[in-house]
Amino acid sequence: MQRRPLLAGNWKMYTTLTEAKALAEAIVAASSDVSDRDVMIAPPYTALAQVSDVLRGSSVLLASQNICWEEKGAFTGEISPVMLKELSGSLAIIGHSERRHVFGESNVLINRRVHGALRFGIIPVFCVGETLDQREDGKTMAVLEEQVNEGLRDVVLAGPEQLVLAYEPVWAIGTGKTATVDQAQEAHVFLRKTLAGLYEKNIASQMRILYGGSVNPDNVDALMAQDDIDGVLVGGA
Ligand code: PEP
């Protein structure tokens, strides 16, 4: 079975409400005749409701940039899966490198978020990736393995569509430095092998693994032509 490509946009802390609405409208228009791939956008929280209105009736998927594990409660600064679902959001970015490295989110916390999302039927777009120091020290695969094993600890999946994995080398995010296609493909093959250690064959072979890190119109086709790259997670571009 062919894995269906996913093109995902992470808007980070960009766009006012007016800008978000205009960008969402442009994306809906640009993807109106796209039927061979999924398109997902993750606007800032303040724009989720309005963007949700814009996406109604289109095939563009709505995601949040993070997600809490609880339905509601005293969790200042968080968004719950129920709140996202109310807006027809179906995916949530979890473990993004900016959450890990700027806000200090640990593998344990990220694992709670993955569990929480799945409990409410939200698809985690679960991000992993090594820093430049870790790559230069030859620790890339060990770091990826640990992030996957810890982030997916005790996570039971009924099928490959329940989770999307994203390989995002930290040194390539927002830096203009993209991993070479060989570096990206090598990491993706390794990630698929790591998944095979956790899940049955069908899940490991059919789960989508996205590449993220300075993807732009000039490099996207070469990256997506790689056997194990099933889409991209795009920030700046
Ligand atoms: C991201 O935010 O996930 C990302 C990959 O950003 P950029 O495309 O700007 O590197």
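Note that the numbering runs from 1 along the sequence shown for the chain. First listed ligand is number 1; within each ligand, the first listed atom is number 1. Values below: all heavy atoms of this structure, side chains included; hydrogens, waters and symmetry mates excluded.
- The hydrophobic cluster containing Phe190 does not contain Val143, counting ILVMFWY residues as joined when their side-chain heavy atoms lie under 4.5 angstrom apart, directly or transitively.
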Quiz prompt | Test side-chain hydrogen bond (donor to acceptor under 3.5 Å, both in side chains) applied to Trp171 and Glu130, step by step | solution = CA-CA 8 Å; Trp171 49 272; Glu130 80 287 1; 2.9 Å; yes

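- Under a 4.0 Å N-O distance rule, the pair Arg208/Asp38 qualifies as a salt bridge.
- Near ligand 1, Asn10, Lys12, His96, Glu168, Ala172, Ile173, Gly174, Gly212, Gly213, Ser214, Leu233, Val234, Gly235, Gly236 each place a heavy atom less than 4.0 angstrom from the ligand.
- A salt bridge does not link Arg3 with Glu161: none of the charged nitrogens is closer than 4.0 Å to a carboxylate oxygen.
- The pair Glu105-Arg113 meets the salt-bridge criterion, since a charged nitrogen lies less than 4.0 angstrom from a carboxylate oxygen.
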Quiz item: Is there a side-chain hydrogen bond (donor to acceptor under 3.5 Å, both in side chains) between Arg153 and Asn107 once you walk through the steps?
Solution: CA-CA 9 Å; Arg153 184 175 290 279; Asn107 285 326; over 6 Å; no

